[in-house]
Amino acid sequence: MRAERREVQVCDIDSNLKRFYLCGAWINETLSKGCRRLGAIGLADGICKQEMLQKKNAVLVDGVVLNGPIMDSKAGEKFVEEACNIIMEKVIQKADDVTEKVCEWQDPETLKQILDLEMRDAGESHQKLLQLCQDVIQYSVKTSHPRFFNQLYAGIDYYSLVARFITEALNPSVYTYEVSPVFLLVEEAVIKKMIEFIGWEEGDGIFNPGGSVSNMYAMNLARYKFCPEIKEKGLSGLPRLVLFTSEECHYSMKKAASFLGIGTENVYFIKADERGKMIPEELEKQVQRARKEGSAPFLVCATAGTTVLGAFDPLDKIADICEKHGLWLHVDASWGGSALISRKHCRLLHGIHRADSVAWNPHKMLLAGIQCCALLVKDNSGLLKKCYSAKAAYLFQQDKFYDVSYDTGDKSIQCSRRPDAFKFWLMWKALGTTGLEERVNRALALARYLVEEIKKREGFQLLLEPEYANVCFWYIPPSLRKMEDGPEFWQKLHQRCRHLQVFSLLSKLLAAGRTERRRTVLSASLV
């Protein structure tokens with residue numbers, strides 16, 4: 001049907017725009033689409049059209065009023081306020097309520113229907129969006145719950161949470177000082193303080209999206225140090241590069257080797273002892289073997305706090321081997337690094353000052369909030385920047401009106417980067433070093449308490465005395481307690497373990513469960 005052409009009168013518009021002709025059907029369709037996009041902030045089509053067409057000094061291009069309303073700020077502010085009330089009521093105020101469920105479990109297909117995941121042409125009403133927010137909270141795992149036992153993180157820190165609210169509201173990107181002055185200075189201060197705890201006199205560093213990325217950064221940095229020409233010439237013509245790490249290392253080492261083109265077959269996994277620690281003598285053997293094969297060793301990755309057993313590799317002895325053979329020593333202290341803050345437990349990382357690089361995740365034991373992960377480097381000659389810089393002229397100009405050494409973005413493989421150091425900084429400012437130290441000491445004391453409770457209870461078998469906060473044990477069901485140790489026993493136990501409700505079991509074991517207590521069972525291992 002042919003659309004009727006009609007004249008549209010617009011008040012208070014520049015003389016050359018006072019009269020213009022458009023198809024009535026076309027303008028209705030165009031404006032309706034624009035208003036539907038604004039539906040999520042509660043604007044009706046009629047209001048939208050009126051505001052767009054009556055805009056003083058309106059600028060119209062391709063049917064779009066460029067200086068028209070993008071969104072209704074008042075409605076947006078109201079939505080934020082109501083959503084924050086839901087967060088406060090449903091998440092923060094219930095964070096340490098043991099009567100709440102850790103998770104209201106639903107199977108994937110049911111959950112898809114509950115959440116109404118479909119995205120449509122028209123926006124949803126505020127009320128529908130607020131209900132969606134409540135549904136997301138209701139069916140998500142409550143990681144701040146006192147009985148949430150999972151991989152190496154849990155709990156809530158209110159100062160860190162507020163820091164995250166601030167950074168989400170400001171939406172900064174940490175690459176140049178002119179764009180992110182406060183957060184760049186904060187990151188510099190935090191890195192400097194972390195370096196002090198490692199024991200270096202100077203150094204460099206950067207916050208990354210996860211410990212796995214920090215490990216990859218370190219691997220690439222070690223390779224660049226070994227053969228700088230690789231940055232421009234690539235892998236061709238290089239010898240077979242090999243690296244060494246413990247058989248108990250984090251799986252990110254294999255992923256990094258694959259991602260960087262080193263190859264997983266060139267990762268030599270060194271035997272660990274019964275406590276999960278790398279055996280230095282085995283490392284020496286493998287380095288010599290690699291050299292005899294004509295390979296080029298360049299990196300050793302030690303672990304300070306393995307994922308399952310919580311083991312700390314003997315860093316001093318490993319450092320001796322690295323110095324002997326000219327190898328870069330990286331320490332993955334993503335989990336165990338926080339022990340450095342405790343005067344009582346920092347001995348676990350004895351020798352870490354001899355490392356060339358360290359990965360440390362404050363979002364784990366220190367509760368800084370995911371994600372908060374730093375790569376720290378002993379070299380202070382600009383090695384990070386030399387390795388990763390692309391010298392983008394539109395961003396990293398050298399003739400700016402301030403000290404461009406604060407433009408640290410070229411040290412990263414990212415352009416846009418979150419200000420993750422801020423949440424750690426604000427928490428540190430609130431608690432002080434003493435408060436952080438108390439968190440570490442309390443977690444390890446609670447681990448000792450749990451060990452003693454396990455020893456008292458029939459059917460529980462401690463795997464080994466813990467070195468850190470990882471408490472590994474077996475639960476032997478009553479039907480298997482009188483069976484002899486052997487293949488049949490272990491086969492049946494493994495079958496039973498698949499059906500154990502571990503969360504329920506541990507919550508009964510720690511019935512008194514305060515918020516901090518959940519960090520004592522960070523590896524309730526059913527190995």
Side-chain angles (χ1 to χ4, degrees), residues 31-52 55 65 68-106 108 110-146 148 154-173 182-183 363 367-372 418-420 422-423 426-427 430 515:
L31 292 173
S32 293
K33 284 182 178 178
C35 288
R36 283 200 297 268
R37 294 190 183 96
L38 297 170
I41 58 170
L43 287 179
D45 281 357
I47 297 174
C48 179
K49 292 177 185 177
Q50 183 180 359
E51 288 189 3
M52 291 178 74
K55 175 73 178 177
V65 180
I70 299 174
M71 61 180 63
D72 184 339
S73 60
K74 294 298 183 183
E77 290 167 10
K78 181 175 177 57
F79 176 75
V80 171
E81 182 180 359
E82 292 177 353
C84 285
N85 289 337
I86 292 173
I87 294 170
M88 177 61 75
E89 178 186 350
K90 301 295 185 181
V91 180
I92 298 173
Q93 292 178 349
K94 294 183 178 181
D96 59 354
D97 187 350
V98 296
T99 66
E100 292 289 320
K101 293 181 180 180
V102 176
C103 177
E104 191 167 324
W105 177 259
Q106 301 288 340
T110 302
L111 192 56
K112 287 178 185 178
Q113 297 303 316
I114 292 173
L115 296 178
D116 185 21
L117 298 172
E118 181 66 26
M119 291 156 285
R120 303 176 178 86
D121 289 342
E124 308 283 3
S125 69
H126 267 186
Q127 286 307 116
K128 177 66 180 296
L129 293 174
L130 292 171
Q131 183 58 53
L132 285 172
C133 291
Q134 294 191 62
D135 291 342
V136 167
I137 293 170
Q138 180 178 350
Y139 297 105
S140 292
V141 177
K142 312 305 187 294
T143 63
S144 58
H145 195 285
F148 170 74
I156 184 171
D157 177 85
Y158 301 102
Y159 307 104
S160 169
L161 183 61
V162 168
R164 282 179 276 170
F165 287 162
I166 291 172
T167 55
E168 288 300 318
L170 290 174
N171 196 32
S173 184
V182 173
F183 298 116
H363 75 227
L367 306 184
I370 292 177
Q371 55 206 15
C372 187
R418 296 173 60 86
D420 291 326
F422 180 64
K423 66 190 83 170
L426 190 61
M427 182 180 75
T515 303

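Keep in mind the model is a prediction, meaning the values are calculated, not measured. We're numbering straight along the sequence, starting at 1.
Screening residues 80-91 for salt bridge (charged side-chain N to carboxylate O under 4.0 Å, His left out), with sequence neighbours left out, gives K78-E82.
Looking at every heavy atom in both residues, M427 comes nearest to L367 through SD-O, 3.9 Å. Here the closest heavy-atom approach between residue F148 and residue T143 is recorded as CD2-O, 3.4 Å. Looking at every heavy atom in both residues, K423 comes nearest to S160 through CB-OG, 3.5 Å. In plain terms, the two heavy atoms of S144 and I156 that are nearest each other are CB-CB, 3.8 Å.
How far CD of E77 is from OG of S73: 5.0 Å, rounded to the nearest 0.5 Å. Atom CG of L170 is separated from atom CZ of F422 by 8.0 Å, given to the nearest 0.5 angstrom. Note that CG of L132 is 6.5 Å distant from CG of D116, once rounded to the nearest 0.5 Å. With rounding to the nearest 0.5 Å, the separation of OG1 in T110 from CG in L115 is 10.5 Å. Rounded to the nearest 0.5 angstrom, N171 CG and R418 CZ are separated by 8.5 Å. Separating the CZ atom in R164 from the OH atom in Y159 is a distance of 14.5 Å, to the nearest 0.5 Å.
Residues satisfying the side-chain hydrogen bond (donor to acceptor under 3.5 Å, both in side chains) test with Q138, not counting sequence neighbours, are E104.
A donor-acceptor distance shorter than 3.5 angstrom exists from the side chain of H145 to the backbone of E100, with no hydrogens or angles considered. When atom types are taken as modelled, the side chain of H363 and the backbone of C372 share a donor-acceptor pair closer than 3.5 angstrom. Of the possible polar contacts, none joining the S140 side chain to the I137 backbone as a donor-acceptor pair under 3.5 Å is found.
K112 has its side chain out of reach of E118: every pair of non-hydrogen atoms, C-beta onward, lies at least 4.5 Å apart.
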